[in-house]
Amino acid sequence: MGSVSAACETYAGQGADGEGKRVSQQASPRGTYLQLAEVLKARIKSDSEMTELPSAAELMREHKISRGVALRAFDTLRKDGVAEPVPGGRWRVVRAGEPTDRRPLEARIADIIVDEGLEAGAAFPSASVLAARFAVSRPTVTKALDKLETAGVLASGGQGKVRTVRAVPTREERS
């Protein structure tokens, strides 16, 4: 698997410490962010189990690039239909022919009530459990849970208390 760091060394050589130097986009005829996008596409193609992209911070460390280069690479992958952003989470890999649930998070969380046969008064999973299950941040889950509380589907137990099911959502409320 090639890397942007290796590509950068081609253009900039090695520093005194033996590490590849960070290269500005102008030093590369193709653009460092485009090289990174190609590296990520190759990773996605070679790993059929890959469902999300590394974070910008991970790419910055691994390839010795700036955050702007990582973000431009993500944007390139989005334009190419290879990946899409997930609010509060990492970028999701998009594969042709594979279904991806793009409904709002609150709709997917509401499905838990029906899928797990929860009834009114039943305890609902915590924000931490839901964040891990849907691979998003806790604040993102909290916003979705707040929407379900406003819609009357969930009842808040308050700080540190268990949230409960108030009403089983109908098909219209879930779509």
Side-chain angles (χ1 to χ4, degrees), residues 1 33 36-37 39-63 65-175:
M1 159 172 59
Y33 75 97
L36 178 58
V39 167
L40 291 171
K41 284 180 192 177
R43 264 194 217 172
I44 292 167
K45 188 175 182 179
S46 69
D47 183 359
S48 62
E49 300 296 313
M50 186 177 193
T51 58
E52 62 184 28
L53 298 177
S55 68
E58 291 170 346
L59 292 173
M60 291 166 57
R61 270 191 311 274
E62 181 181 343
H63 298 285
I65 57 170
S66 70
R67 181 169 180 77
V69 170
L71 296 178
R72 287 185 75 187
F74 288 152
D75 192 50
T76 299
L77 294 174
R78 181 188 54 76
K79 287 176 183 172
D80 292 346
V82 176
E84 63 187 6
V86 176
R90 292 187 177 194
W91 282 67
R92 174 178 32 230
V93 173
V94 176
R95 297 184 190 276
E98 288 185 17
T100 303
D101 192 348
R102 291 184 172 89
R103 294 177 302 145
L105 181 60
E106 62 268 14
R108 293 183 285 148
I109 289 174
D111 283 349
I112 293 172
I113 297 169
V114 175
D115 294 347
E116 295 183 8
L118 300 177
E119 296 181 8
F124 199 73
S126 70
S128 297
V129 168
L130 293 169
R133 181 172 179 169
F134 291 102
V136 296
S137 68
R138 276 191 60 234
T140 300
V141 169
T142 301
K143 287 178 188 175
L145 292 172
D146 289 345
K147 289 178 182 180
L148 291 172
E149 287 175 17
T150 302
V153 175
L154 297 176
S156 175
Q159 181 92 17
K161 302 218 172 150
V162 177
R163 187 175 275 111
T164 59
V165 175
R166 180 180 285 167
V168 177
T170 62
R171 179 180 283 292
E172 293 80 35
E173 290 172 332
R174 291 191 302 147
S175 56

Nearest heavy-atom approach of L145 to F124 is CD2-CE2, 3.9 Å

To the nearest 0.5 Å, how far apart are CE in M50 and CD in E52? 8.5 Å

Where V162 and A123 come nearest, the two heavy atoms and their spacing: CG1-CB, 3.6 Å

So, for V168 and L118, which heavy atoms are closest and what is the spacing to 0.1 Å? CG2-O, 3.6 Å

For A167 versus I113, what's the shortest heavy-atom pair and its separation? O-CD1, 4.4 Å

Closest non-hydrogen atoms of P125 and L130, given as atom of the first, atom of the second and distance, are O-CD1, 3.7 Å

Check whether the side chains of R138 and S128 place a donor and an acceptor atom closer than 3.5 Å, and report yes or no. yes

Return the CD to CG distance between E116 and D111, rounded to the nearest 0.5 Å. 10.5 Å

When rounded to the nearest 0.5 Å, the distance separating CG of L36 from CD1 of I65 is 4.5 Å

State the CG-CD distance between L53 and E84, to the nearest 0.5 angstrom. 10.5 Å

Restricting to non-hydrogen atoms, name the atom on H63 and the atom on R43 that form the minimum distance, rounded to 0.1 Å. NE2-NH2, 3.5 Å

Roughly how far, to the nearest 0.5 Å, is NZ of K143 from CD of E106? 11.5 Å

Salt-bridge contact R78-D75 (side-chain N to carboxylate O under 4.0 Å): yes

Atom pair CD (E62) and OG (S55), whose distance is rounded to the nearest 0.5 Å: 10.0 Å

Just so I know, are the side chains of T140 and F134 near enough to count as touching, which here means a heavy-atom distance under 4.5 Å? no

